[in-house]
2 protein chains.
Amino acid sequence: MYTVRYTNAMDNRGTILEQALNLFSERGYDAVGVQEICDAAGITKPTLYHYFGSKRGLLEAILEQSFNTLKIRLTSAADYCGDLPLTLQTIAETYFSFASEFPVFYRLQLALWFAPQESEGFKAVIIQNRFQHEMIMNVFLNAVPQHGNMRGRHQDYALTFLGMLNTYIGLGLNGLTPLDVELARQAVRQFQYGIYS
Amino acid sequence: MYTVRYTNAMDNRGTILEQALNLFSERGYDAVGVQEICDAAGITKPTLYHYFGSKRGLLEAILEQSFNTLKIRLTSAADYCGDLPLTLQTIAETYFSFASEFPVFYRLQLALWFAPQESEGFKAVIIQNRFQHEMIMNVFLNAVPQHGNMRGRHQDYALTFLGMLNTYIGLGLNGLTPLDVELARQAVRQFQYGIYS
DNA sequence: CAATGTGTATACCGTTCGGTATACTAACGC
DNA sequence: GCGTTAGTATACCGAACGGTATACACATTG
């Protein structure tokens, strides 16, 4: 009796996170009610509010958890080693494998990223998303000495590079293309011609 | 009295469309209530339901109206003349100028396009969006005789081309870059290197 | 001048919204 | 054992949700 009870209790927080992520990703943050999440997780509202305080807090917990994984992987991938093509390739592969591994989360993240700027979802995701821009922007900034013609445009490059990766990931998540190393190579090659020409 | 009354009546439908577009674009379809739209338009709910039948019907009317403009412009822009670079350039310019002219609508359209596949918004926009893919896909299909190495990949090209345009438009709508002819030229150039290499 | 049909408002429907006050259960530290 | 604390459920809050039944105002048509 003791162990069963305890195990269930420990799982509740995780179960809520998991079910909420599924529902938000499938139908959207605003369209999913708190009660529905509770039903899916097999708990009641006070339990949810005990752990997350609010619906917004629950969304932020979901984002924080999954983005941490991405953050860790990106930090080592975006470590500029003096070879820009290699670094971009590594970053692209990191994104593709992450999106393949957590497709439900990545779908949610993409939806929130393009959501209206005044929406709850956008405001929650932009905080977690800033580090991606800064990280990629630094890659281009550090590459300026080798590629002088990029000076002053590192921000544009970071944004379009990330935008292109997300375009491919969007296609991949809809089953239109496999998010493999070969696709990463192709994407990076396409991007670089735009830069260097 | 007669004319005033009549003019107001004629305007109500348009006012509802206009205010709903603004609200949906700013805060998202699900986050905006029908009552709020009515308040903004200065009418009451029965009036709205008289014209559009449902909240979903209102959204579809908004999309239909604005997409028609895009459809007309794209039809002439995507008329393949045997010169692929030129056609792509024309399409890019058409998209950029349309997005510049109707930024509020384009923001909504982008948000709905990336919304969860089971959401009301996505289902409403995908109907209107299909023609864009087909139109651009046909451009690549018609260009196959001149560019044999593209055979069998026209669908991928259409999707990534449109994805790239939307990436740039997203940046433009946030004021990070002007959506002018020069940017269109740069985007098309970057895209083609990926194709031809 | 009646009949009609369009457009609009008042008032309301049942349901669900996000969120909470209260109390009970059970494991933990003393 | 005994208080404390975390976790959970019952039951409920006021507000807002999408949508509608009814009635009325009015220009149009016979």
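Proteins get letters first, then strands, A, B, ... in listed order; numbering begins at 1 in each.
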Worksheet item: What pair of heavy atoms forms the shortest contact from B:L17 to B:A61, and how long is it?
Response: CD2-CB, 3.9 Å
Worksheet item: Without hydrogens or angle criteria, can the side chains of B:Q146 and B:D83 be said to hold a donor-acceptor pair below 3.5 Å?
Response: no
Worksheet item: How are the rings of A:Y157 and A:F140 set relative to one another: parallel (under 30°), tilted (30 to 60°) or perpendicular (over 60°)?
Response: tilted
Response to the item:
So side-chain hydrogen bond (donor to acceptor under 3.5 Å, both in side chains) across residues 52-61 of chain B, not counting sequence neighbours, yields B:R56-B:E60
Worksheet item: Heavy-atom contacts under 4.0 Å between residues 17-27 of chain A and DNA chain D, which residues?
Response: none
Worksheet item: Counting side-chain heavy atoms from CB outward, which of D:dG7, C:dA21, C:dG19 is closest to A:H50?
Response: D:dG7
Practice prompt. Could you please spell out the steps behind the side chain to side chain donor-acceptor pair (under 3.5 Å) verdict for A:N129 and A:Q109?
Written response: CA-CA 9 Å; A:N129 247 343; A:Q109 186 262 359; 3.3 Å; yes
Worksheet item: Measuring from A:D11:CG to A:I43:CD1, what's the distance to the nearest 0.5 Å?
Response: 12.5 Å
Item to complete: Select one nucleotide: of D:dA9, C:dT8, D:dG19, the one nearest the side-chain heavy atoms of B:K55.
Response: D:dG19
Worksheet item: Can you tell me if A:N174 and B:Q117 form a side-chain donor-acceptor pair at under 3.5 Å?
Response: yes
Fill in: A:I43 CD1 to C:dT25 P, straight-line distance once rounded to whole Å
20 Å
Worksheet, complete the sentence: Per the under-4.0 Å heavy-atom filter, residues of residues 30-41 of chain A near DNA chain C come out as A:V32, A:G33, A:V34, A:Q35
Fill in: D:dA9 OP1/OP2 closer than 4.0 Å to side-chain N/O of A:T47
yes
Response to the item:
Ranking D:dG18, C:dT20, C:dA9 by distance to the side chain of B:Y49, first place goes to D:dG18
Worksheet item: Do B:Y106 and B:N166 have side-chain atoms, one donor and one acceptor, less than 3.5 Å apart?
Response: yes
